[in-house]
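Below: the structure, in structure tokens.
Everything numeric in this text was worked out from a predicted model, so none of it was measured. By convention in this document, chain letters (A, B, ...) are assigned in the order of the sequence lines, proteins followed by strands, and residues within each chain are numbered from 1.
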Amino acid sequence: MYTEKVMDHFQNPRNVGEIKDADGVGEVGNVKCGDIMRIYLKVTDNVIKDVKFRTFGCGAAIATSSVITEMAVGKTIEEALELTNKQVADELGGLPPVKMHCSNLAADALKTAIEDYKENNK
Amino acid sequence: MKKVYLDHAATTPLNPKILETMLPFYKDLFGNPSSVHSFGREVKKHVDKARNQVAEAINADYDEEVIFTSGGTEADNLAILGVAAALKDKGKHIITSSVEHHATLDTCDALAKEGYKVTRLSVDEYGVIDLDELKSAISEDTILITIMHANNEVGTIQPIKEVVDIAKKHNVYVHTDAVQSFGQIPVDVNQLGVDLLTISAHKIYGPKGIGALYVRKGTKLKNTAHGGGQESKIRPGTENVAGIVGLGEAARLASTSLDEIKDMERKRDRLIEGLLKMEDVKLNGHPSKRLPSNVNVSIEFIEGEALILSLDMEGIAASSGSACTSGSLDPSHVLMHMGLSHQTAHGSLRLTLGKGNTDEDIDYVLDRVPKIVERLRSMSPLYGN
Amino acid sequence: MKKVYLDHAATTPLNPKILETMLPFYKDLFGNPSSVHSFGREVKKHVDKARNQVAEAINADYDEEVIFTSGGTEADNLAILGVAAALKDKGKHIITSSVEHHATLDTCDALAKEGYKVTRLSVDEYGVIDLDELKSAISEDTILITIMHANNEVGTIQPIKEVVDIAKKHNVYVHTDAVQSFGQIPVDVNQLGVDLLTISAHKIYGPKGIGALYVRKGTKLKNTAHGGGQESKIRPGTENVAGIVGLGEAARLASTSLDEIKDMERKRDRLIEGLLKMEDVKLNGHPSKRLPSNVNVSIEFIEGEALILSLDMEGIAASSGSACTSGSLDPSHVLMHMGLSHQTAHGSLRLTLGKGNTDEDIDYVLDRVPKIVERLRSMSPLYGN
Ligand SMILES: Cc1ncc(COP(=O)(O)O)c(C=O)c1O
Ligand SMILES: Cc1ncc(COP(=O)(O)O)c(C=O)c1O
Ligand code: FES
Ligand code: FES
């Protein structure tokens, strides 16, 4: 069902938690299956220095949250905004078809957090 | 790693004694029961014997009232579509409940698309149907009431006898899906009074892919498949002989071992008690009108699949009301109809006991679940602060 | 007593190697393939593997084109009813032949009662359909042509590739029942070009109660049963896992052992030759477009069932076109449509070879049949003087 990489990220999720003085916070929810994903960002000189997440959701939801935090760290805001849902899924070695919308969630949550950062730094 | 299987409502291991009775039909006794020659006649006898075993186990009056099918799903389909087709000139109204198995729900939905009227009775917070609602739902046009004997997710037992009492006054057939109840609580077609009843072998330590529909003598039922003369022409196709023999033996063993059930109930209650010690955990289903095997709790702030996967890594096989994994992403229709919120329904955990589970299994589960729940909650944006 | 089984068209013994592959699924690997936990996931892999084995054996492009069913009968039903339901707005005309298996014939009859138009193509004296008749039967309204690959009674092989060529010009789906041909002659869905194809495990040394329908990608087919999400939602119900694994292995072995067939053909021809030495005996079916396993002769002045019972007493398992025993008293519809008289059709003998039959078996049969025939003829008012 899930690839080894999905299971690894599910079992040992990277960057779980919160950032107290985050520069940006994004939360998205998926109406269909009720998951909620919250992403916290720390940004210095336009580069994402730290990302943390909290997720209520299935194995895929947790794994995509985890992997996107890894993918985002070290990227500029512009680069991070270009991360796509498909890239997230590919990074995990693929997701079951019914779970594909979960990867949308991860990319969306990151984008929402970046929007929030931009809003805060206008 | 320790392995604890607590998903007996999904399927049970095959009892080795039952396998033993099946093996000859994979070896020398390979004939086709429809054949005239001795290879066939010999096998036919065993198909007849299995039919008798099932009939006796559910206290049917005639062996021929038992029609073998490829499982519970097919038996439910046959009961509902078969009665609908046979009685379509009498009426086009079917009554079911909102918490049925998909084999029943989806079949009723299919009929609804063909112009039948389907009433889905609501259930209370415990998952029990309302008999008054049933009474007022019955009309001249009603041809069938199909209500499951016990629910597969929350284990709630429905008042089938009372349903039959009401139905009889209006001359309406009653079908019950006894897939989960058979082998756990008494299933007696005459005591219940039903006209049709579904069982499935793989829930009672028999093989997968074989089940039966009980059809009371005289009940009007149209075949839904077409072909040879097998199963009184109601269900054509060369018989799954080994499966049938296995179901016969499984039914025989199921009906004679209701004693072990008391001990299962005790273990179930230990599990429930232990799980309810965690904060924000609630029992789903009825506290007493409940299958001896069934534990179903909602654990707030976490999602079912994540919990199942984590338990799996500890060797514990469980399931969740959350249907995330089975193609649909909607939370359990059963829990939703019992009034749970979307989110709470998503965080359900079903543990279903079997004959092989020990008290050590319960200890192990009660040790691991709280740890896993804590870990998942610590990841959840819904929890804490 | 010597036992000679010559009724492989009715069912085959299970190959012990195939049983070996099935047994783990009756033991440790008992999980439900739909379960999320490892007990389920492990089993799911083997269901997928079996699907791949079947797909490869019939040269399907995608594994998902294989839908497991409870046998050939269900697969035929699903193909015909499923296409009829899916395309009912396109048209309501179905073409079949007059010599199909009852699983096809009776399903078409059921549709005819529901207002579909069914054309039953006639056959020549050898049981072969007429392609010109097919051409003129196709109309705007035609949605499906279902013609069997090889006949179960007389072994006649139909020109399916040519049927497909004609059908393609009119954009009409073709289904073929390959239950008898698979494992005996090449069955390649792409070479044949069919859209749907039926196979059954118990005719190819696999277990009873499991079969498959090949459904070419993109083919419109409506599910006929309703429930869980198994088999791409086309065929719900907990999978007969052991059966599926057995079918997978049987399909693999069937497709790689077409060599043994040559030797079977030689034995078949010995049998035919020997039987034709008797007076007033005639071969039924095509002399060359014929399954390697099939012998079917009409023996004048005697009745089939009496012959079968007599052979049985000598340990020989055979069958007859006479349907005396299977509920109906009419003689074989296949033989009648091939132009045999009522009386001649009643006196048919079908011997179908399997991999286990030896030349000694043939000798034994050729020794006993004439004696039995003589005895029965001496009792017949139609014979002699
Ligand atoms: C209540 C109920 N009905 C029907 C079924 C379907 O039976 P089967 O798995 O034999 O198709 C099940 C099991 O999945 C069930 O729990
Ligand atoms: C040509 C043909 N089609 C269909 C079937 C039915 O298959 P099953 O016995 O698996 O239901 C048979 C065998 O009885 C057959 O010979
Ligand atoms: S959380 Fe429901 S599908 Fe991912
Ligand atoms: S001869 Fe007796 S039934 Fe046909």
Kindly compute the distance separating [atom1] ([X]) from [atom2] ([Y]), expressed to the nearest 0.5 Å.
X	Y	atom1	atom2	answer
B:Arg120	B:Ile94	CZ	CD1	10.5 Å
C:Cys108	C:Glu100	SG	CD	7.5 Å
C:Arg350	C:Leu307	CZ	CG	13.5 Å
B:Asn15	B:Ile204	CG	CD1	10.5 Å
B:Leu14	C:Leu29	CG	CG	12.5 Å
B:Ile199	B:Asp177	CD1	CG	11.0 Å

Subject >> Residue pair C:Thr352, C:His8: steps toward the side-chain hydrogen bond (donor to acceptor under 3.5 Å, both in side chains) verdict >> reply: CA-CA 5 Å; C:Thr352 43; C:His8 292 85; 5.1 Å; no
Quick one: of [options], who has the most non-hydrogen atom pairs under 4.5 Å with chain C?
options	answer
B:Gly209, B:Gly31, B:Gly227	B:Gly227
B:Ala317, B:Ser70, B:Gly71	B:Ala317
B:Asn223, B:Thr73, B:Asp312, B:Thr11	B:Asp312

**OP:** Write out, in numerical order, the residues from residues 16-25 of chain C with a heavy atom short of 4.5 Å from a heavy atom in chain B.
**Re:** C:Leu19, C:Met22, C:Leu23
Toward chain C, the part of [X] with a non-hydrogen atom under 4.5 Å:
X	value
B:Ser35	side chain
B:Asp106	both
B:Thr224	backbone
B:Thr69	neither
B:Leu81	side chain

Subject >> Exercise: identify the closest heavy-atom pair between C:Ser348 and C:Ser320 >> reply: O-OG, 2.9 Å
Subject >> B:Phe30: partners by ring-ring contact (aromatic ring centres under 6.0 Å, His included), with sequence neighbours left out >> reply: B:Phe39, C:Tyr5
**OP:** Flag the one option from C:Lys208, C:Lys27, C:Arg41, C:Lys3 with the top tally of heavy-atom pairs under 4.5 Å to chain B.
**Re:** C:Lys208
Subject >> Residue among C:Glu74, C:Gln230, C:His202 with most heavy-atom pairs under 4.5 Å to chain B >> reply: C:His202
**OP:** May I ask you to list the residues in residues 235-243 of chain B that approach chain C closer than 4.5 angstrom, counting heavy atoms only, ordered by number?
**Re:** B:Arg235, B:Pro236, B:Gly237, B:Thr238, B:Glu239, B:Asn240, B:Val241
Subject >> B:Thr107 and its side chain to side chain contact (heavy atoms under 4.5 Å, CB included) partner, picked from B:Asp76, B:Asn77, B:Leu78 >> reply: B:Asn77
Original post:
When you look at NZ of C:Lys2, are more than 12 heavy atoms from neighbouring residues, nucleotides or ligands closer to it than 6.0 Å?
Top reply: yes
Original post:
Taking atom types as modelled, is there a side-chain donor on C:Asp7 or B:His37 under 3.5 Å from an acceptor on the other?
Top reply: yes
**OP:** Return the set of residues passing salt bridge (charged side-chain N to carboxylate O under 4.0 Å, His left out) with C:Lys88 (not counting sequence neighbours), or none when no residue passes.
**Re:** none
Original post:
So do B:His101 and B:Val179 actually touch side chain to side chain, heavy atoms under 4.5 Å?
Top reply: no
